[in-house]
Amino acid sequence: MGLFDFFKNNLRKKTTDVDFEKVEYTGKIKLENNFDGPIDSPTWQQVELYINKMIQNNEEFITLTLSEAMYGVRYMQACSVKGGYSLQLGIETDAKTNLVERVCDKKELIERFTQFYEYGFVHDIDQFKPVSFFA
């Protein structure tokens, strides 16, 4: 077997056909990151603090989970990636959650988190694409 055949046969395939369980209902908004842990019912200042920590540290992430899905979106999460920030949405249906994403800049990241925190709404969801996972 040549080197080309080895790589061809051993490349991992990706899929977007991945369903997640729905997030447990807690009755509260929940804010989480990698290093500080969760905060129940965070203020906007706490959300901003976690966003800024994520912007300053490439190993950090942020997840903001609503008490229930409004407009179909239960949570928003982000982390640093090449070219900006990966902004992901957990879109709930009756029995499952699907993850979609788009890469955005700092300004858009903050605007979208602000709108999600204040109204539970995400505009232009059609600009987000399903997240690919290794099969």
| task | Step by step, work out the side chain to side chain contact (heavy atoms under 4.5 Å, CB included) result for Met76 and Leu87. | result | CA-CA 7 Å; Met76 178 178 283; Leu87 183 63; 3.6 Å; yes
| request: Report the C-alpha separation of Ser80 and Asn58 in whole Å, then their side-chain angles, then the decisive distance to 0.1 Å, and conclude whether the side chain to side chain contact (heavy atoms under 4.5 Å, CB included) test is met. | output: CA-CA 5 Å; Ser80 298; Asn58 289 341; 3.5 Å; yes
| task | Would you check, one step at a time, whether the test side chain to side chain contact (heavy atoms under 4.5 Å, CB included) holds for Ile62 with Leu31? | result | CA-CA 7 Å; Ile62 179 175; Leu31 175 67; 3.7 Å; yes
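For Tyr71, the ring pair (Phe, Tyr, Trp, His ring centres under 6.0 Å) test picks out Phe121, with sequence neighbours left out. Applying the side chain to side chain contact (heavy atoms under 4.5 Å, CB included) rule to Val81 yields the partners Cys79, Ser86, Val103; only residues at least two apart in sequence or on another chain are considered. Partners of Glu32 by side chain to side chain donor-acceptor pair (under 3.5 Å), not counting sequence neighbours: none found. Residues meeting the side chain to side chain contact (heavy atoms under 4.5 Å, CB included) test with Gln127, sequence neighbours left out: Arg102, Arg112, Asp124. Every residue was checked against the side chain to side chain donor-acceptor pair (under 3.5 Å) condition with Asp105, not counting sequence neighbours, and none meets it. Annotation: ring pair (Phe, Tyr, Trp, His ring centres under 6.0 Å) contacts of Tyr119 (sequence neighbours excluded): none. For Val73, the side chain to side chain contact (heavy atoms under 4.5 Å, CB included) partners two or more places apart in sequence, or in a different chain, are Leu89, Ile91, Phe116, Val122, Ile125. Residues passing the ring pair (Phe, Tyr, Trp, His ring centres under 6.0 Å) test with Tyr117 are Trp44, sequence neighbours excluded. Glu111 is linked by a side chain to side chain donor-acceptor pair (under 3.5 Å) to nothing, counting only residues two or more places apart in sequence or in another chain. The side chain to side chain contact (heavy atoms under 4.5 Å, CB included) check on Lys106 picks up Ile55, Tyr85, Ile110, with sequence neighbours excluded. In terms of the side chain to side chain donor-acceptor pair (under 3.5 Å) criterion, residue partners of Lys53 (sequence neighbours excluded) are, by chain and number, Asp36.
Contact between Ala78 and Phe113 at its shortest, heavy atoms only, is CB-CE1, 3.9 Å. Residue Ala69 comes nearest to Arg74 through the heavy atom pair N-CD, 3.5 Å, listed as atom of the first residue, atom of the second, then distance.
Using a 4.5 Å cut-off on side-chain heavy atoms (C-beta onward), Leu109 and Met54 make contact. Side-chain contact between Gln88 and Val131: present, with at least one pair of heavy atoms (C-beta onward) separated by less than 4.5 Å. Side-chain contact between Leu99 and Tyr75 is present, with at least one heavy-atom pair separated by less than 4.5 Å.
Going from atom CZ of Phe128 over to atom SG of Cys104 covers 7.0 Å, rounded to the nearest 0.5 Å. In this structure, the separation between CG on Leu64 and CG on Leu66 is 6.0 Å, given to the nearest 0.5 Å. Interatomic distance, OG of Ser41 versus NZ of Lys28, reported as 5.5 Å (0.5 Å rounding). The OG1 atom of Thr65 sits 13.0 Å away from atom CD of Glu68, with the distance rounded to the nearest 0.5 Å.
Under the 4.5 angstrom side-chain criterion for Ile, Leu, Val, Met, Phe, Trp and Tyr, Phe61 has no cluster partners at all.
With hydrogens and angles ignored, the 3.5 Å screen pairs no side-chain donor or acceptor of Asn33 with any backbone N or O of Glu60.
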